[in-house]
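One-based numbering along the sequence shown. Bear in mind the structure is a predicted one, so any value in this text is a computation, not a measurement.
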Amino acid sequence: MTLKPYASHPDQSRGRLFAEEESAFRSCFQRDRDRIIHASAFRRLKHKTQVFVEHEGDYYRTRLTHSIEVAQVARTIAGALGLNTELTEAVALAHDLGHTPFGHTGEDAMEEMMAPFGGFDHNAQALRIVTSLERHYAKWDGLNLTWECLEGIAKHNGPVTGDLPYALSDYNALHDLELGTWASAEAQTAAIADDIAYNHHDLQDGLRAGLFTMKDIAELPLLKPCFEEVDALYPDLDQDRRRHEILRRFFGVLVGDVIDVARENITTLNPQSVEDIRHAGRGMVLFSDAVFQDLKTVREFLFTRMYRAPSVVEMRKKVTQVVKDLFPYFLENPQELPDNWQRDISDPVDKVMLARLVADYVSGMTDRFALTEHTRLIAPSRSEDNTRG
């Protein structure tokens, strides 16, 4: 595929923090993608919560399946816009690497625990993982990704201004990611693909969990026309296939809207380079105003009926306590950290740096490992009762 002038061209990459010899058969962005896929943190996403805790069912999305779906959506949009699909996919696959166990519930608990020590932000933590915590290579810590990939991870949601999370600030002081500008169109595509994927699959997972019914969502904006089209074409369709056909049309509406709006924005701006995208002063890859407003209604429905459903809220309380127990335990008992983590503890101990090390360790846990460690270290009987009963 021929890349558009405003795409991120591999031969024009700003390179890596540590210079490397280029591959004879893979572009620099392909190597980024491959390194992310082979990262330990990526594999751990298999057992990290999206909405439902990992042990609640085999069919619900995890952070890993979510990330794969985001990458698939992102590649589709990037291809339609003439962008670099490998860079887009790399950013999409890496965007959730910094999530704690138990999804946003765990992140909220970690933010509270880390408030005295510089806070916690999962986007900044993703950057910390790929630049420091993945330690497999002989010559450097991290994955030594390209500047463009790191930029996309750091600011795929837009320019980052104001007080920076320490994980982002520390790395940016070493390797300027130009945080005040917009990211490439590839990174913007990864960000909007995240929105599309979770709105689509959270409806699927909420239906599967019985938190709401097809009748409950039939009148929602964007979904109502999908119901009407499927029922007109297939009046006798069984309910499982009907659900799938309706939701795949909803998915298609979102993807099509983003492509149409991005093409219009790009035509108006007429960018001749990726730098024109970065300095456009606004995002290029967006929903239309009408779809954005309708999607807000869908999100409000999901918030009320799924994210704040009594069963979900009850589990949130239980797993929040797991994080709130583990963090102070390791902070007060750093000798319980694995040997390879203890090597990073300073002598004398710096409490702030120790807290950040503990945050790295606890946030990297999978759901199942956090539950197991809580059972082993904190309160075996209480942990079992709280998480299984």
Side-chain angles (χ1 to χ4, degrees), residues 16-17 32 35-36 39-42 44-45 48-49 63 66-67 70 90-135 140-184 186-188 190-191 194-195 198 278 283 323 327 330-331 341 344 350-365:
R16 307 175 190 276
L17 181 61
D32 284 351
R35 288 178 180 185
I36 290 163
S40 300
F42 186 74
R44 289 197 300 271
L45 295 179
K48 288 199 175 191
T49 293
R63 286 286 164 191
H66 165 70
S67 296
V70 173
V91 175
L93 290 170
H95 85 282
D96 268 355
L97 290 179
H99 264 294
T100 65
F102 315 124
H104 288 288
T105 301
E107 182 175 10
D108 291 345
M110 187 61 71
E111 285 178 359
E112 183 179 338
M113 295 291 97
M114 281 295 292
F117 308 108
F120 183 87
D121 174 85
H122 80 267
N123 284 327
Q125 190 68 15
L127 188 74
R128 185 168 169 84
I129 286 168
V130 300
T131 59
S132 177
L133 299 182
E134 287 284 328
R135 297 177 179 176
W140 54 74
D141 290 341
L143 304 180
N144 199 34
L145 303 177
T146 61
W147 185 93
E148 291 77 9
C149 191
L150 296 175
E151 175 211 30
I153 295 169
K155 56 183 182 178
H156 59 271
N157 290 325
V160 184
T161 57
D163 293 335
L164 298 178
Y166 70 87
L168 188 54
S169 177
D170 288 354
Y171 186 79
N172 197 62
L174 180 68
H175 194 192
D176 185 9
L177 299 178
E178 300 178 4
L179 298 176
T181 66
W182 288 85
S184 64
E186 286 83 359
Q188 294 181 41
D194 184 25
D195 288 351
Y198 79 71
R278 290 192 177 101
V323 176
F327 180 87
F330 285 113
L331 193 60
W341 286 82
D344 289 338
D350 180 315
K351 194 66 176 285
V352 171
M353 297 309 293
L354 177 60
R356 293 176 179 181
L357 180 70
V358 171
D360 290 337
Y361 181 62
V362 175
S363 68
M365 291 179 173

When rounded to the nearest 0.5 angstrom, what is the spacing between [atom1] in [X] and [atom2] in [Y]?
X	Y	atom1	atom2	result
Ile153	Asp96	CD1	CG	11.5 Å
Asn123	Leu97	CG	CG	10.5 Å
Asp170	Ser132	CG	OG	9.5 Å
Arg135	Trp140	CZ	CH2	15.0 Å
Gln125	Tyr166	CD	OH	5.5 Å
Leu357	Phe330	CG	CZ	11.0 Å

For the residue pair [X] and [Y], establish whether any side-chain heavy-atom pair is separated by less than 4.5 Å.
X	Y	answer
Tyr171	Leu177	yes
His104	His99	yes
Val323	Thr100	no
Leu331	Phe117	yes

Under 3.5 Å donor-acceptor, [X] side chain and [Y] backbone:
X	Y	answer
His95	Val91	no
Arg128	Leu133	no
His175	Asn172	no

[X] versus [Y], closest heavy-atom pair with distance:
X	Y	result
Pro165	Asp121	CG-CB, 4.0 Å
Gly180	Pro159	O-CB, 3.5 Å
Ala191	His156	CB-O, 3.2 Å
Phe120	Glu111	O-CG, 3.2 Å

Show the atom names and distances, to 0.1 Å, of all donor-acceptor pairs under 3.5 Å that link a side chain in residues 142-151 to residues at least two apart or in another chain.
unit_1, atom_1, unit_2, atom_2, d
Asn144, OD1, Phe18, N, 3.1
Asn144, ND2, Phe18, O, 2.8
Asn144, ND2, Glu20, OE2, 2.7
Thr146, OG1, Asp32, OD2, 2.5
Thr146, OG1, Cys149, N, 3.3
Trp147, NE1, Asp176, O, 2.7
Glu148, OE1, Ser13, OG, 2.7
Glu148, OE2, Arg14, N, 2.7
Glu151, OE1, Arg278, NE, 3.4
Glu151, OE1, Arg278, NH2, 3.1
Glu151, OE2, Lys155, NZ, 3.3
Glu151, OE2, Arg278, NE, 2.7

Mind checking whether Tyr198 and His66 have parallel, tilted or perpendicular rings, split at 30° and 60°?
->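 Rings of Tyr198 and His66: tilted, 30 to 60°.
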